[in-house]
Structures are given as structure tokens and as C-alpha cells.
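What follows is a set of notes on a single structure, which appears directly below.
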Amino acid sequence: MPGLKGAKVRLIFTDHQGKPDLGQAEAERLISQEKVVALVGSWHSAVTATASQVAERSGTPFMNPESSSPGLTRRGFKWFFRTSPHDEHFTQVMFDFFRDFQKKKGITLKTLGVTYEDTQFGADSGKVMKDLARKYGYEVVVDLQYRARSTSLVTEVQRLKAANPDVWMPTSYQTDAILFAKHSKELDYNPKMIMAQDAGHISPDFIQAVGKDAEGTMTRAPFSTDLIAKRPLAQVVNEQYKKRSPGGKDLYDFPARAFTGMMTLLDAINRAGSTAPEAIRKALVATNIPGDQLIMTWDGVKFDETGQNTGVKGIILQMQGGKYHTVYPFEAATKEVLYPIPKWSERK
Amino acid sequence: MKRLSALLSLPLLLGLLAAPVSAQPTEVVIGVIYPMSGANAQAGVDNKPVRTRSTSGSRACPGSRAPKSG
């Protein structure tokens, strides 16, 4: 780090296993025993909530690159910073898409089916979806919270099939997303449009597990692999990532957000020229990274008084031919929207 | 008297010289808390290479320069 006369950065990785109490314990250990100068994490919103409480109490900067529960930046925290969009940003993009797509195609979408898992991520996402549905005049005909990591979601799919909403809007982590796709096929549930809240639906495990059966699924995202070709900086980072990633994967949503969050924190520490917590916090507050220095298609990174990045933008992707492609905003699209999703009986 | 003054000022001088050294860390330690096992371990596993990459030099990571930040 040039700002610290060449000091080296050392990362200590810990595993929270998706458990909020474990995330909290690890945050306490890292701060008190390992003497870390900042924390980064924790993907699951529920874990980010508990781990960042520890950081807040001890006055340690906490960088969150990807948790999307809006409430995380509404706790009045002084030491918490989020580079990624949250579910209100993302869900707004979904409803912008609905508006523009109906206009473009001359169709009408009236009814929504909203399903969401019962951790903080799902609960917050479900609330935002229903709030925006009300705001824009859509009727929610299925409003279903289910237990995360359920072993069966047959009942939930049966309810969706019976109500047959114009758009099904799931919020799931990957095991649930895989189960939903499998049950939909088994029960011949044919949604015309699926608009997912990222997470499980964009995970490579989901894509690998359900393959063609996810055809037509749309999801919000802050990044898309097919946009790498349009951003020289993303191409450079992608080449490096592919050499180190498991299986030589291309950069996608999760690592792209992780990279952006970590770079933002390192930039702040470098500018602070110190590892003193208050100096790092002040540098984070003063962050102003322009969009052309990011791999994301955002306007930049600049935090508001809550610690939320104000330069974020969401996009809509659709699974076509086993890969996600950008379909919205229409001017950035690399594929036309596939609509309606082919019925199971029509698929090869 | 001069000798006493010099002796008294020696620790001060040494302190001043030592201060910048102790205030300038040679290592920046950051804690990363992610799911590395369990149902959603893929996020943590796939994110680990970019974190390692982003700390191992700025040439490959132009975003890290962020010179206009401030």
C-alpha cells in the first residue's frame, strides 16, 4: 500500500456457515484476538447484521460488498458501509422493466406471485416487492413466506400453479431455488415470467443443477458476465480471476461485487495513510470513485450518511441457452427478452 | 548542566525518531467473514480469489488506484 509506505495487506478468512451467531462470534474473535483493522462480509444479510453489530460496538470499519437487505443501512450505524445496491434499488429496476416491457410489447401484466424465504434477506425482499406492487397498481395473488432450506416446496408450487400469476417473483438462496425449479417441472407449473431476486437464482450451482430447466428465468443483478466485453477494466480483472477461480470461472455477480467492496476498502485505507479506525472511517466517508474506475456499470462509489453507496445501478438478466444474458435496460441488452417462457411440454 | 540536558533530551529524541516507525504499520490485517461451507458456500469460495487478487498488487486491479477519490 503506497499510502502506508508499502505495508502489505493480510487477509484472515473465516467461515460463518450461514449462521448469524457464528458470524457474530467470528467478528468478536477477529477484532479482539487478531486485531484486524477492518472487517469485510458477510453475504447473508442475517449474518451481516450480527457481525456488523460487533464492529459497530468496537468502532471497527465494516465493509459489506453484497448483502441486500435495505434495513442494514438504516440502523444509524457509523462504521458500516455498503457498496452494492440493496433490494429497493433492485426491485425498483424490476418494476421499471415491467413498465417498459409492457409498453414495448403491448401486453398487460396485472398479477404477481411473491415467494420469499424466512431469513432477513427474504423477509425484507418480500416486503419491498409488495410495497412496490401496491405503489404501481399490481395485484399480489400469492404472498408466501416459506422456511429457508426446506426439504420440499411442493405445496408452495401448487399454490403458485393454482393462482397462476402473470409474474412469479421468488426470493431464494440456492438450495431453495433448485428445489423450486425441480418441483415446477414435476408439477407442470408453467409461469409466463419469472423475476427472481438474484442470490440462489444466479448461483453457478443453481445453473449447473437445473440447467435447461431454468430457461427464461429472469433475475436482477448488479453485474453481468456478458458485459465484461464492454468494459476494458473488467476484462483485465476477469483474466486474473479466471486463473485463480475454481474451475476457471468467469467473473460473475458475487465475485464482481466482492472485488468492488474490497477495492473500495483498500482505497480508503490507502488514502487514510493509517490503520487508525477513525482515519479509515473518515476516508470511507470521503470516498468518491468514478464509474470509469470500476468493473461494475455503476455511476461510482460514494456513500451517503447511512453508509449506502449512492452510485449503484441494477440490471435485469435472463437465462437463455444455459447462460444469463443482459436484457434490461434495453439499450444495454445483449439478448431480446424470451416471453412467455416455453411450457414444459414445448421444451426439447 | 549541558550533559544533563543532553541526557534528558536523548529519550525525547529517541521517542520522536521512534514514533513514526511505530505509527506506520508494516502489515494491514483485514478480517473476511464469509460462508465457506454449508448450503451457500459457493459465494465464499468464489469470492476468495478476488479478495486475494485485490490485495496482491494494484497493476492488475486498476480500480484500486482510484486517484480521484477523496
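Predicted, not measured: the structure shown is a model, and the values here were computed from it. Just so it is clear: chains get the letters A, B, ... in the order the sequence lines come, proteins before strands, and each one is counted from 1.
The two residues A7(A) and P25(B) have their closest heavy-atom pair at CB-O, 3.2 Å. Residues P35(B) and G18(A) share a closest heavy-atom pair of CB-N, 4.3 Å.
Proximity to chain B is limited to the side chain of I269(A), based on heavy atoms less than 4.5 angstrom apart. With a 4.5 Å cut-off on non-hydrogen atoms, L22(A) does not touch chain B at all. With a threshold of 4.5 angstrom between heavy atoms, M63(A) does not approach chain B through any atom at all. Of the atoms belonging to T26(B), it is backbone heavy atoms, and not side-chain ones, that fall under 4.5 Å from chain A. At a 4.5 Å heavy-atom cutoff, P2(A) makes no contact with chain B through either its backbone or its side chain. When heavy atoms are compared at a cutoff of 4.5 Å, L265(A) approaches chain B solely by way of its side chain, counted from C-beta outward.
In this structure, CE in M36(B) is found 11.5 Å from CD in Q17(A), a value given to the nearest 0.5 Å. Taking OG1 of T48(A) as the reference point, atom CD1 of I33(B) lies at 9.0 Å (rounded to 0.5 Å).
Ranked by non-hydrogen atom pairs under 4.5 Å with chain A, the options A41(B), G44(B), A43(B) are led by A43(B). The greatest number of non-hydrogen atom pairs below 4.5 Å with chain B, out of P204(A), G200(A), A27(A), A51(A), is found for P204(A). Across K35(A), E34(A), H44(A), the residue that shares the most heavy-atom pairs under 4.5 angstrom with chain B is H44(A).
Remark: the backbone N or O of V32(B) is paired with a side-chain donor or acceptor of T14(A) at under 3.5 angstrom.
Applying the salt bridge (charged side-chain N to carboxylate O under 4.0 Å, His left out) test between D46(B) and each of R257(A), K249(A), R244(A), K242(A) identifies K249(A) as the sole match. Among the candidates L30(A), V9(A), V36(A), the single residue satisfying the side chain to side chain contact (heavy atoms under 4.5 Å, CB included) test with I30(B) is V9(A).
A 6.0 Å sphere centred on CD of Q208(A) holds no more than 12 heavy atoms belonging to other residues, nucleotides or ligands. In R231(A), the CZ atom is crowded: over 12 heavy atoms of neighbouring residues, nucleotides or ligands sit closer than 6.0 Å.
A 4.5 Å side-chain heavy-atom check between W43(A) and Q42(B) finds every atom pair outside the cut-off.
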